[in-house]
There are 2 protein chains.
Amino acid sequence: MKDTQDISRLLRERGARVTPARLRVLALLRSAERGLSHHDIEKALDDGTPVDRVTLYRVLDWLVEQGLAHKVADEQRVFRFSAASTGGEPHQAHAHFVCDDCGKVFCLEDTPRAAPRLPAGFASTQVEFEVHGHCAACNVPVEARR
Amino acid sequence: MKDTQDISRLLRERGARVTPARLRVLALLRSAERGLSHHDIEKALDDGTPVDRVTLYRVLDWLVEQGLAHKVADEQRVFRFSAASTGGEPHQAHAHFVCDDCGKVFCLEDTPRAAPRLPAGFASTQVEFEVHGHCAACNVPVEARR
DNA sequence: TTGTATTTGCAATTGGGTTGCAATAGCAAC
DNA sequence: GTTGCTATTGCAACCCAATTGCAAATACAA
């Protein structure tokens with residue numbers, strides 16, 4: 001697929017080696033419409049050549065370091081990763097929707113602004129906006145809700 | 001102290017037993033001006049009679065269940081607990097400041113509003129606003145920053 | 001093709017959080 | 001004050017996401 005070329009270039013631009021693990025993980029993150037846990041990713045890449053657990057962790061952290069992905073801890077205190085908006089620089093004020101039923105994280109486009117006033121001596125570097133609730137898949141009118 | 005009376009009443013109101021662990025933990029949370037980790041609390045209560053690790057976890061979860069405290073996973077995927085605003089019902093839209101140096105969580109008074117637009121089928125129950133940066137204690141002009 | 005620094009894979013470890021179960025202790029009733 | 005019952009506690013063992021150390025494999029520049 002053409003996206004692979006795209007990704008290779010992105011990696012190479014950073015003076016980094018283009019490895020299958022990096023390509024596959026980033027491609028997956030980019031095609032995912034929501035934040036994926038380490039486990040999700042491991043499962044998704046299990047076809048054919050599985051990726052080692054540790055390698056996966058390292059690739060993910062590397063992607064975050066490079067500003068190609070970002071990382072949030074969900075309610076179950078599990079990290080979820082998503083691709084950063086194409087550019088590369090770590091994305092600034094971003095809004096997330098966290099489903100309290102399935103724990104999945106979605107990125108909301110429509111992002112708000114302005115940090116609230118901070119106490120003296122505090123400095124802000126990033127503002128995160130998290131909306132909790134039920135995602136479309138879990139928002140069905142059923143009583144089977146945990 | 002008078003606060004203890006206050007807390008005893010709060011617990012009793014819930015048809016729950018008033019135990020030293022519950023009293024001490026809730027009193028501590030109420031006097032703390034920021035979210036505390038399990039470890040913070042364990043350390044803080046270590047004078048005289050220490051509280052068992054497991055008991056502490058259970059007391060904390062119970063407090064959350066009762067709406068007397070709330071629980072957030074911080075960036076290091078560690079839970080932090082804070083007392084709920086006196087009433088008891090879990091507090092609504094709240095703003096947090098998270099120090100990326102020391103990992104501590106502070107509650108910001110000046111709370112913002114309005115959730116962003118959500119995709120169809122999504123329902124929001126709570127909005128969290130998280131500001132990241134350096135807290136007053138860590139914001140000193142030094143290179144000794146991890 | 002070769003040399004080498006970067007990545008990978010494996011095995012072992014860390015650490016926050018949880019579970020099972022017997023011992024303890026609130027507290028309501030006598 | 002004593003008794004009895006149930007809610008809590010404390011201990012020990014366990015779970016699992018994430019991390020670390022190190023040797024083997026490999027991307028890629030020369």
Side-chain angles (χ1 to χ4, degrees), chain A residues 4-5 7-26 35-46 48-66 68-81 103 105 146, chain B residues 4 7-26 35-46 48-66 68-81 103-105 146:
Chain A
T4 302
Q5 310 292 318
I7 294 177
S8 295
R9 189 174 40 69
L10 240 92
L11 300 184
R12 223 178 296 272
E13 270 171 12
R14 286 171 171 68
R17 291 191 185 171
V18 179
T19 67
R22 287 176 177 170
L23 285 173
R24 293 172 74 200
V25 172
L26 188 48
L36 300 176
S37 69
H38 174 273
H39 188 66
D40 290 339
I41 300 173
E42 197 173 20
K43 230 172 25 189
L45 297 182
D46 204 6
T49 345
V51 177
D52 181 73
R53 262 170 49 73
V54 178
T55 299
L56 183 46
Y57 276 118
R58 290 200 268 233
V59 165
L60 286 168
D61 283 343
W62 182 83
L63 289 173
V64 171
E65 217 172 78
Q66 296 298 317
L68 292 171
H70 62 275
K71 185 181 187 178
V72 255
D74 72 10
E75 303 311 285
Q76 287 81 55
R77 50 176 236 113
V78 171
F79 289 134
R80 289 188 174 272
F81 300 83
V105 179
R146 61 169 172 104
Chain B
T4 302
I7 294 176
S8 295
R9 187 173 42 69
L10 239 86
L11 300 184
R12 224 178 297 273
E13 270 172 11
R14 287 172 170 67
R17 291 189 184 170
V18 180
T19 69
R22 286 175 177 170
L23 285 174
R24 295 172 72 200
V25 172
L26 188 48
L36 300 175
S37 69
H38 173 273
H39 187 66
D40 291 338
I41 300 173
E42 197 173 21
K43 229 170 28 185
L45 297 182
D46 204 5
T49 346
V51 177
D52 181 73
R53 258 167 53 74
V54 178
T55 300
L56 183 46
Y57 277 118
R58 290 199 267 233
V59 165
L60 286 168
D61 284 342
W62 182 83
L63 289 173
V64 171
E65 217 172 77
Q66 296 299 316
L68 292 171
H70 63 276
K71 187 181 186 178
V72 254
D74 73 8
E75 303 312 286
Q76 289 81 57
R77 47 175 239 117
V78 172
F79 289 133
R80 290 188 174 271
F81 300 83
K104 290 176 182 167
V105 179
R146 62 173 168 104

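The shown structure was predicted, so the numbers you read here are calculated from the model rather than taken from an experiment. The analysis underlying the following values was restricted to heavy atoms, covering all of them including side chains, and did not include hydrogens, waters or symmetry mates. Just so it is clear: chains get the letters A, B, ... in the order the sequence lines come, proteins before strands, and each one is counted from 1.
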Practice task
Answer yes or no: is there a donor N or O on one side and an acceptor on the other, between the side chain of Asp46(A) and the main chain of Lys43(A), under 3.5 Å?
Solution key: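 Checked: no pair found.
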Exercise for the section: For His38(A), answer base if it contacts any base atom (sugar-phosphate contacts may also be present), sugar-phosphate if it contacts only those atoms, and nothing otherwise; contact means non-hydrogen atoms under 4.0 Å. Expected result: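 Since only primed, P, OP1 and OP2 atoms lie under 4.0 Å of His38(A), the category is sugar-phosphate.
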Whole angstrom is fine here: how far is it from [atom1] in [X] over to [atom2] in [N]?
X        : N       : atom1 : atom2 : answer
Leu11(A) : dC28(D) : CG    : C1'   : 14 Å
Glu65(B) : dT8(D)  : CD    : P     : 10 Å
Arg77(B) : dT14(C) : CZ    : P     : 16 Å
Asp61(B) : dA7(D)  : CG    : C1'   : 16 Å
Arg14(B) : dT8(D)  : CZ    : C1'   : 18 Å
Leu60(B) : dT9(D)  : CG    : C1'   : 14 Å
Leu36(A) : dA17(D) : CG    : C1'   : 16 Å
Arg12(B) : dT8(D)  : CZ    : P     : 12 Å

Practice task
Take Ser37(B) and Val18(B), find for each the nucleotide of DNA chain C with the closest heavy atom, and name the residue whose nucleotide sits nearer the 5' end.
Solution key: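 Per heavy-atom nearest nucleotide, the more 5' residue is Ser37(B).
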Practice task
Report the C-alpha distance between Leu10(A) and Gln66(A) in whole Å, list the side-chain angles of each, state the deciding distance to 0.1 Å, and finish with yes or no for side chain to side chain contact (heavy atoms under 4.5 Å, CB included).
Solution key: CA-CA 10 Å; Leu10(A) 240 92; Gln66(A) 296 298 317; over 6 Å; no
Residues which pass side-chain contact (heavy atoms from CB on, under 4.5 Å) with [X], listed by chain and number, not counting sequence neighbours:
X        : result
Arg53(A) : His38(A), Glu42(A), Tyr57(A)
Thr55(B) : Ala21(B), Val51(B), Asp52(B), Val59(B)
Lys71(A) : Asp61(A), Val64(A), Phe79(A), Phe81(A)

Problem - Leu23(A) vs Leu11(A), side chain to side chain contact (heavy atoms under 4.5 Å, CB included): CA-CA, chis, key distance, verdict - result: CA-CA 8 Å; Leu23(A) 285 173; Leu11(A) 300 184; 4.2 Å; yes
Practice task
Quick one: closest heavy-atom pair of Arg22(B) and Ala16(B), and the distance?
Solution key: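 Result for this residue pair: NH1-CB, 3.7 Å.
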Exercise for the section: Could you tell me, to 10°, how much the axis swings from one end of the helix from dT1(C)-dA30(D) to dC30(C)-dG1(D) to the other, five pairs per end? Expected result: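 Between the first-five-pair axis and the last-five-pair axis there is 30°.
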Practice task
Give the B/S/- string for nucleotides 4-13 of chain C, one per nucleotide from 5' to 3', where a protein heavy atom under 4.0 Å of the base yields B, of only the sugar-phosphate yields S, and otherwise -.
Solution key: -BBSBBBB--
Problem - Sub-4.5 Å side-chain heavy-atom contact between Arg12(A) and Val18(A) - result: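 Sidechains of Val18(A) and Arg12(A): in contact.
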Problem - Under 4.0 angstrom between Tyr57(B) side-chain N/O and dT18(C) OP1 or OP2 - result: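 Tyr57(B) to dT18(C) OP1/OP2: no side-chain N or O under 4.0 Å.
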Practice task
Would you please name every residue forming a salt bridge (charged side-chain N to carboxylate O under 4.0 Å, His left out) with Arg24(B), sequence neighbours left out?
Solution key: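 Expected list: Asp47(B).
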